[in-house]
Amino acid sequence: MAKFNEAIISIRPAFAEAIMSGRKTVELRRRIPPIEVGARLWIYSTRPTASIIGIAIIDTIFRGTPQAVWETYSDRIVINRGDFDRYFEGAREAIGIRLSKVQRMQPIGIEQLRIWKEGFHPPQVLSRITASEAKRLLRMTSFEEEAGSNVVRLLRA
């Protein structure tokens with residue numbers, strides 16, 4: 001499967017706001033579709049916000065045991081240990097997406113997104129968008145962004 005460089009990611013409002021404020025720099029996932037370091041993520045804040053509220057660049061994608069991810073990144077994920085453990089219960093691997101170059105934008109609401117892309121539904125995890133779809137989203141905003149960095153695999157237990 002080909003990797004892609006533009007995607008919409010669904011994030012609960014409290015976590016999306018923590019990303020926008022800079023308190024949360026690592027997004028956690030149990031699984032992730034193929035996506036490149038350097039890809040632009042359009043941050044969709046789920047209901048009740050139901051809007052794209054900003055963008056970020058994937059700086060690093062790391063994988064490791066949940067314990068290794070907690071030990072390495074707990075200060076950057078804005079979640080308590082109990083919620084972290086519940087989220088990764090039964091998982092052998094945790095995936096972290098380190099975000100950089102975060103920029104808040106004027107929200108693009110679900111109604112506008114359904115005009116932008118017929119049949120738009122917020123993604124469960126990530127949803128690939130094409131370069132032309134990203135350009136149309138950019139026209140709804142006032143900025144562009146760059147990419148770059150490394151992939152790291154956590155090897156500690």
*What's the spacing between T141 OG1 and L138 CG if we round to 0.5 Å?*
4.5 Å
*Does H121 reach the side chain of R114, with side-chain heavy atoms less than 4.5 Å apart?*
yes
*Would you check if R40 and N5 make a side-chain contact, meaning some heavy-atom pair closer than 4.5 Å?*
no
*asked:* So that I can tick it off, tell me whether E17 and R104 are bridged by a salt bridge, with the cut-off set at under 4.0 angstrom between side-chain N and carboxylate O.
replied: yes
_Using 30° and 60° as the class boundaries, would you call the ring planes of F62 and Y73 parallel, tilted or perpendicular?_
parallel
*S21 side chain to A18 main-chain N or O, any donor-acceptor pair under 3.5 Å?*
yes
*asked:* With rounding to the nearest 0.5 angstrom, report the CD to CG distance, E6 to L137.
replied: 8.5 Å
*Is atom CZ of R12 surrounded by more than 12 heavy atoms (other residues, nucleotides or ligands) closer than 6.0 Å?*
no
*Under a single-linkage definition using a 4.5 Å side-chain heavy-atom cutoff for Ile, Leu, Val, Met, Phe, Trp and Tyr, are L41 and V78 assigned to the same hydrophobic cluster?*
no
*Check the pair R98, R76 against side chain to side chain contact (heavy atoms under 4.5 Å, CB included), reporting the backbone distance first and the verdict last.*
CA-CA 9 Å; R98 187 167 53 206; R76 297 172 239 179; 4.2 Å; yes
*Below 4.0 angstrom, N of the basic side chain to O of the carboxylate: do K135 and E133 qualify?*
no
*Would you call L28 and F88 a side-chain contact if the rule is heavy atoms closer than 4.5 Å?*
yes
*V69/E71 under side chain to side chain contact (heavy atoms under 4.5 Å, CB included): CA gap, chis, key distance, verdict*: CA-CA 6 Å; V69 170; E71 288 173 3; over 6 Å; no
*Would you call R92 and T65 a side-chain contact if the rule is heavy atoms closer than 4.5 Å?*
no
*How far apart are the closest heavy atoms of F15 and K24, and which atoms are they?*
O-CD, 3.8 Å
*Could you tell me the separation between the OG atom of S51 and the CD1 atom of I108, rounded to the nearest 0.5 Å?*
8.5 Å
*For side chain to side chain contact (heavy atoms under 4.5 Å, CB included), just list the numbers for I58 and E36, CA-CA rounded to whole Å, side-chain angles, deciding distance to a tenth of an Å, and then say yes or no.*
CA-CA 8 Å; I58 296 177; E36 297 280 349; over 6 Å; no
_pair V26-I97: side-chain heavy atoms closer than 4.5 Å_ = no
*What's the spacing between T25 OG1 and L99 CG if we round to 0.5 Å?*
7.5 Å
*Sub-3.5 Å donor-acceptor pair from the side chain of R30 to the main-chain atoms of E89, do we have one?*
yes
*Yes or no on side chain to side chain contact (heavy atoms under 4.5 Å, CB included) for I9 and W42, after CA distance, side-chain angles and deciding distance?*
CA-CA 6 Å; I9 186 170; W42 297 80; over 6 Å; no
_Backbone of A68 reached by a side-chain donor or acceptor of T72 within 3.5 Å_ = yes
*asked:* Within a 6.0 Å radius of atom CZ on R31, are there more than 12 heavy atoms belonging to other residues, nucleotides or ligands?
replied: no
*asked:* Quick check for you: to the nearest 0.5 Å, what is the distance between N80 atom CG and R86 atom CZ?
replied: 6.5 Å
_Atom CZ of R47 with >12 non-hydrogen neighbours under 6.0 angstrom_ = no
*Side-chain heavy-atom pair I11, Y44 within 4.5 angstrom cut-off*: no
*asked:* When you compare the side chains of T130 and S132, does any donor N or O come within less than 3.5 Å of an acceptor on the partner?
replied: yes
*Spatial distance of atom CD (Q67) from atom CZ (F84) [nearest 0.5 Å]*: 7.5 Å
_Is any side-chain heavy atom of M20 closer than 4.5 Å to one of I53?_
yes
_I8: which of I55, I52, I43 passes side chain to side chain contact (heavy atoms under 4.5 Å, CB included)_ = I52
*Taking every non-hydrogen atom, the tightest pair across S10 and T46*: CB-CG2, 4.0 Å
*asked:* Tell me if a side-chain donor or acceptor on S127 pairs with a main-chain N or O of P123 at a distance below 3.5 Å.
replied: no
*May I ask you to test the I35-I61 pair for a side-chain heavy-atom distance under 4.5 Å?*
yes
